[in-house]
Protein chains: 2
Amino acid sequence: MATSDPVYLRVVADIRRQIVDGSLPPGAPIPSRAQLTRKYGVGETAARHALRVLAAEGLIVGRVGSGHYVRDRPVLLPLHRWRFHDHHAPFGADIQSQGARATWEWRSEPAEASPDIAQRLRLDDSAPVTRTHYVFRGDGRPVQLATSYEPAEFSGPPAEESPRGLVARLSALGVKVTEIVEQVYTRVPQPAESDTLALPAGVHVLHVERTHWAGDRPVETSDIVIPGDRFRLVYAHSLHP
Amino acid sequence: MATSDPVYLRVVADIRRQIVDGSLPPGAPIPSRAQLTRKYGVGETAARHALRVLAAEGLIVGRVGSGHYVRDRPVLLPLHRWRFHDHHAPFGADIQSQGARATWEWRSEPAEASPDIAQRLRLDDSAPVTRTHYVFRGDGRPVQLATSYEPAEFSGPPAEESPRGLVARLSALGVKVTEIVEQVYTRVPQPAESDTLALPAGVHVLHVERTHWAGDRPVETSDIVIPGDRFRLVYAHSLHP
DNA sequence: GGCGGCAATTTGGAGCTCCAACTTTGGGGG
DNA sequence: CCCCCAAAGTTGGAGCTCCAAATTGCCGCC
């Protein structure tokens with residue numbers, strides 16, 4: 001790191017090093033703004049900026065009136081698991097295997113396809129669809145939001161035992177799901193999402209756009225939003241069934 | 001939005017709205033700090049902070065001496081595509097289908113397994129492995145970094161036509177890859193990564209940890225790093241081959 | 001010994017200012 | 001007519017300050 005680097009980055013680098021090498025363990029307090037100015041001989045602005053950057057990276061959290069603390073190590077919960085013949089393990093199986101209690105709520109309503117959804121489902125704009133909102137919780141804390149869209153003709157309630165029993169439900173309707181396509185990317189959470197997921201500032205989300213296909217016809221599409229810092233998507237592909 | 005919200009968030013929300021609804025198209029200039037203070041009647045600090053937040057969200061870019069501009073719409077390049085019987089399409093096929101020229105470089109070297117890699121490959125610490133670094137480019141711009149680790153006994157050069165011909169190469173050695181497990185998460189880029197990927201400040205990366213298994217034995221593991229804002233991972237799962 | 005409230009500390013919002021480095025633009029000179 | 005340079009504008013780093021809201025610890029009172 002060149003000495004001509006901004007001073008606030010010097011402070012960031014030094015604290016980050018202490019966090020990753022473990023000399024500042026999870027929960028440990030970070031020196032306050034006043035202490036940092038003295039310790040590193042920088043101004044308030046640089047000290048404050050350094051703390052903001054570290055918070056944005058998800059390494060520390062600030063608590064008003066108390067201080068900044070090293071965040072807990074991410075709890076890596078596999079949320080998605082694919083096997084060839086049993087499609088989806090139901091949500092919850094993985095979370096339960098990690099010792100957490102999985103619960104979810106859902107709410108279904110008729111809606112009109114937005115241009116984006118219409119394109120994904122190959123419908124006309126404003127075509128009737130069924131929209132279902134899900135909130136998934138692990139030990140009561142929300143860990144995943146999802147919104148699912150189905151053409152009105154296929155609509156039906158989520159299965160009791162698992163909201164992800166879509167393939168089975170469609171199969172009962174004579175619709176055979178042949179392919180599932182997912183697009184995964186990361187973005188900044190919308191205010192409503194930070195709210196329901198209780199995201200600290202600066203945390204990004206993983207966004208999964210999933211579409212179920214029956215042949216060349218899309219039969220369901222959903223948007224799945226997951227806090228990007230504490231969860232991992234797990235994909236397991238069996239090559240030889 | 002409550003009126004008690006921080007003023008800088010009012011500015012952020014207003015500009016963000018204009019960007020997402022299209023009244024500020026990609027490339028359009030954002031008012032300068034001085035203009036924002038006048039337009040919204042806020043202080044320099046708030047105006048500056050608003051611009052910083054929008055830049056961190058990836059909606060705008062700042063160019064020193066020139067101004068802030070609305071960023072181009074993300075170019076969504078599927079980088080990963082799975083089909084049941086042909087495993088991986090070679091890197092490049094997807095990128096080429098979008099009109100870009102795919103190139104890559106790689107560099108192989110013997111190394112000792114770090115504790116993390118040793119655990120992933122079920123080897124002893126410091127066991128000999130072959131480490132291969134890849135840089136993938138689309139139209140000359142780096143779009144993906146990867147580091148692959150193999151136990152030294154399996155090591156061999158990446159195939160000429162595609163560095164991803166791992167399954168075929170191992171098969172020739174009598175090792176049959178039966179499963180591929182991937183963990184996907186998002187994090188802040190390390191300085192070296194921002195550098196090689198030419199990432200603007202505030203952009204996160206997608207990190208894929210991929211392990212190839214032959215039965216219950218891991219035969220290769222790799223870390224794949226992709227700019228999170230302009231690329232999407234695409235997974236296609238065929239349910240009925 | 002226990003409890004309530006006050007004072008010190010801390011974060012986070014907001015304001016102002018100065019300056020170095022870089023772009024852009026326009027005007028003047030060759 | 002074209003080129004180059006200087007002036008004006010802009011970002012980003014850095015400094016200082018004030019204040020509201022929240023937490024924490026301590027002191028004194030019951």
Side-chain angles (χ1 to χ4, degrees), chain A residues 1-15 24 27-71 191 194-195 198-203, chain B residues 1-15 24 27-71 191 194-195 198-203:
Chain A
M1 184 171 33
T3 50
S4 61
D5 271 0
V7 281
Y8 80 90
L9 280 184
R10 243 191 49 226
V11 181
V12 167
D14 193 56
I15 298 179
L24 281 174
I30 304 293
S32 73
R33 290 199 317 224
Q35 290 173 309
L36 287 179
T37 55
R38 281 197 296 277
K39 178 168 177 191
Y40 292 95
V42 300
E44 269 257 334
T45 316
R48 173 188 304 219
H49 196 17
L51 290 172
R52 189 195 296 279
V53 168
L54 287 164
E57 290 185 2
L59 287 174
I60 66 177
V61 266
R63 279 204 287 280
V64 202
S66 174
H68 282 92
Y69 301 88
V70 180
R71 285 186 73 182
S194 317
D195 227 47
L199 296 181
V203 169
Chain B
M1 181 171 37
T3 49
S4 60
D5 270 359
V7 283
Y8 81 89
L9 280 184
R10 243 191 49 225
V11 181
V12 168
D14 193 55
I15 298 178
L24 280 174
I30 303 294
S32 72
R33 288 197 321 224
Q35 289 173 311
L36 287 178
T37 55
R38 282 196 296 275
K39 178 168 176 190
Y40 292 95
V42 299
E44 270 255 335
T45 317
R48 174 187 304 220
H49 196 16
L51 290 173
R52 188 194 296 279
V53 167
L54 287 164
E57 290 185 2
L59 286 175
I60 66 177
V61 266
R63 280 204 286 279
V64 197
S66 173
H68 282 93
Y69 301 87
V70 180
R71 284 186 77 183
S194 317
D195 227 47
L199 296 179
V203 168

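So you know, we letter chains A, B, ... as the sequences are listed, proteins then strands, and number each from 1.
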Which pair of non-hydrogen atoms, one from B/Y8 and one from B/A50, has the smallest distance, and what is that distance? O-CB, 3.8 Å
Using whole Å, what does the distance between atom P of nucleotide D/dT10 and atom CD1 of B/I60 come to? 14 Å
Non-hydrogen atoms of B/V42 and B/L36 that approach each other most closely: CG2-O, 4.2 Å
Any side-chain N or O of A/S66 below 4.0 angstrom from OP1/OP2 of D/dA22? no
Reported CG-to-NE2 distance for the pair B/L54 and B/H49, which is rounded to 0.5 angstrom: 11.0 Å
I'd like to compare against my own output: the B/S/- annotation of nucleotides 12-21 of chain D with a strict under-4.0 Å heavy-atom distance to protein. BBBBBB----
Starting at CZ of A/R38 and ending at C1' of C/dT9, how long is that distance when rounded to a whole Å? 12 Å
Indicate the atoms forming the closest heavy-atom contact of B/A47 with B/T37, along with that distance. CB-CG2, 4.0 Å
Taking every non-hydrogen atom, the tightest pair across A/I30 and A/L24: CD1-CD1, 4.0 Å
Please collect all salt bridge (charged side-chain N to carboxylate O under 4.0 Å, His left out) contacts where either partner lies in residues 27-49 of chain A, sequence neighbours excluded, each pair once. A/R33-A/E44, A/E44-A/R48
To the nearest angstrom, how far is A/Y69 atom OH from C/dT10 atom P? 10 Å
